[in-house]
Amino acid sequence: MPIKVLPSDLAAKIAAGEVVERPASVVKELVENSIDAGAGQITVEIKAGGVELLKVSDDGHGIPADEVPVAFQRHATSKIDSQEQLDAIATMGFRGEALPSIAAVSRTVLATRQPLESAGFRMELLWGEEVSSGSQGCPQGTTVEVSDLFGNLPARRKFLRSSSAETSRVQELVSRYALVFPAVRFQLVVDGRTSFTSPGNGVPREALLAVYGPQAATAMLEVHAEDEANGYQVDGFAGAPSLTRANRTYMTFFVNRRWVQSRMLSFAVEEAYMGLLQVKRYPLASLNISMPYEDVDVNAHPAKREVRFKDESRVFSTVQRAVRMVLVAESPVPMLTSPNPEYAAAPATSFFPRSAFGGARSGGSALEYPASAPPDAAVPRRPAPPLKVVGQLKLTYIVAEGAEGMFLVDQHAAHERVLFDRICQKIAQRESQSQPLLGPVPVELSPAQTDTLKTNREALENYGFQFEPFGDGSYLLRAVPAIFGEGDPARALLDVLDMTAFEGLVRQKEDVTAASIACHGAIRAGKSLTEPEMVALLEQLEATPNPHTCPHGRPTMVHFSSFHMEREFGRR
Ligand code: ADP
Ligand code: MG
């Protein structure tokens, strides 16, 4: 066949295939347009899975009558008009492809009225061609009605799943947007019945309640972490470790409130739950990561489902730490074997109306709760249980026995916790932490280390380091924190700087420095400990206010309950 340019209707159909895969993708584009139009209320209505009818109405700012036909042209958008704007996109849309793509594969009717206009405008298209247009009275905002979707693309229509499967994709989509836009009131009507509404009052936890139902919503922990220096922020909810799923679909991510799919982000969340979940179980999470627009390229996928990050590893660690911090703050000793009973006992709040959708979900099998907690599994949160040393394992863990079973204590993490608390206490009591060196020690710093040293200078000095510039990336070290004892002082400073840089994303400066110092000073894995040393370490750990986690948020100990051991050995 000779090469020739495709007829425009065929080209439009092909292009539409990229944007409009199924009813849910149409809903996504239309809802995003409504959000971009500043809507406070968005109603989505579908019939027969969205194939027969799919309608999205909003109360946004509408479209000027004379611009409506333009909106249906390829690459027509009011949202960007220059390369600079493409590099820092703040709106959901920007490609100008949704309306023409949707219109190319359906019968589309758009009606719109701007707030100050008395009349609105209506335009109807069939398979991308205008059928009629003209002024018409209508409420403020925009309504797009799409019917007979893929009527001219039988292959695409065959590829759709059952109408209930397509319906649930639309439900999932609407509920995800409701989570990240709590100030917008969403309503979803399926085959004439309201299936979901969100309150739209701007309170994230109430949007969560509407989506997940009261039972699961109570077991969701609020995540909020900021990294002011880089303008990153993580907000949302993460499920308590007791609330798990058999796959990853309950992890939802938004980047600057744009719903994205990202394996990397799922991994970051899974990492945060490390040691807290059983194998093959996955957490629930709904997180929005805000970052400067120029740090993320949203123009990476035709349906805008994927994004590219300028600094992927920073995003990864910011998310992982944000979630980990919440889990650690809320979690008692992680139990390796049975689900944590503490969350299962969380009362179901009854004063919030349970939506049909949320109720169906939380009542179904989608979410799982431990049916009843084993009677002896309740580990007191604080203080640490008194523990008896049994021995050391792999020169890394202390095996100990407690009233509730067996505990494995990570010697490094435990010692870190002890030192961290000691450092903080000395600071609080204004005691000197410093240990002068016999002679000044020159230390060479990389530019990154110099940077960390300068930004954290005050904290480093408070905690016992004394140093002065010695020309060109070098410093003279005169004192180190007293807890370091005999070790190599230069190594100590370099270690603490590297750790501070690594930890410094979502935590307070002082905390980071103290944690880094504690980490450097703590006994390492691989060191043989005598029994009196282990006893002393456990006693010191028990005396700290947060014995269950190290200052970086990792657990200091894991617990194998007597109940579980008995069950494993067939005694129960
Ligand atoms: P994009 O969103 O990428 O700009 P679309 O094809 O989705 O492209 O929409 C084209 C234009 O139509 C938008 O830029 C916007 O100006 C206008 N528009 C579409 N939907 C709405 C709406 N619900 N409210 C107001 N304006 C809208
Ligand atoms: Mg759009």
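In each ligand, atom 1 is the first atom listed, and ligand 1 is the first ligand listed.
The nearest pair of heavy atoms linking Gln41 to Val184 is N-CG1, 4.3 Å. Taking all atoms of both residues into account, the shortest heavy-atom contact from Gln320 to Ala268 is CG-O, 3.3 Å. Of all the heavy atoms in Arg156 and Val20, the pair that sits closest is NH1-O, 2.9 Å. Across every non-hydrogen atom of Ser286 and Leu179, the tightest pair is OG-CD1, 3.4 Å. Closest approach of Ala225 and Ala322 over heavy atoms only: CB-CB, 3.6 Å.
Distances from the Mg ion (ligand 2) under 2.8 Å pick out these protein N/O/S atoms: Asn33 OD1.
When the shell of 6.0 Å around CD of Glu130 is examined, it contains more than 12 heavy atoms from other residues, nucleotides or ligands.
With a 6.0 Å cutoff to the six-membered ring centre and a 45° limit on the axis angle, Arg314 does not count as a cation-pi contact of Phe316.
Near ligand 1, heavy-atom contacts under 4.0 Å come from Asn33, Ser34, Ala37, Asp58, His61, Gly62, Ile63, Ala71, Ala76, Thr77, Ser78, Lys79, Gly93, Phe94, Arg95, Gly96, Glu97, Ala98, Leu99, Pro100, Thr142.
For the residue pair Gln233/Asp227, the side-chain donor-acceptor check at 3.5 Å is not satisfied.
In this structure, OG1 in Thr43 is found 7.5 Å from CZ in Arg185, a value given to the nearest 0.5 Å.
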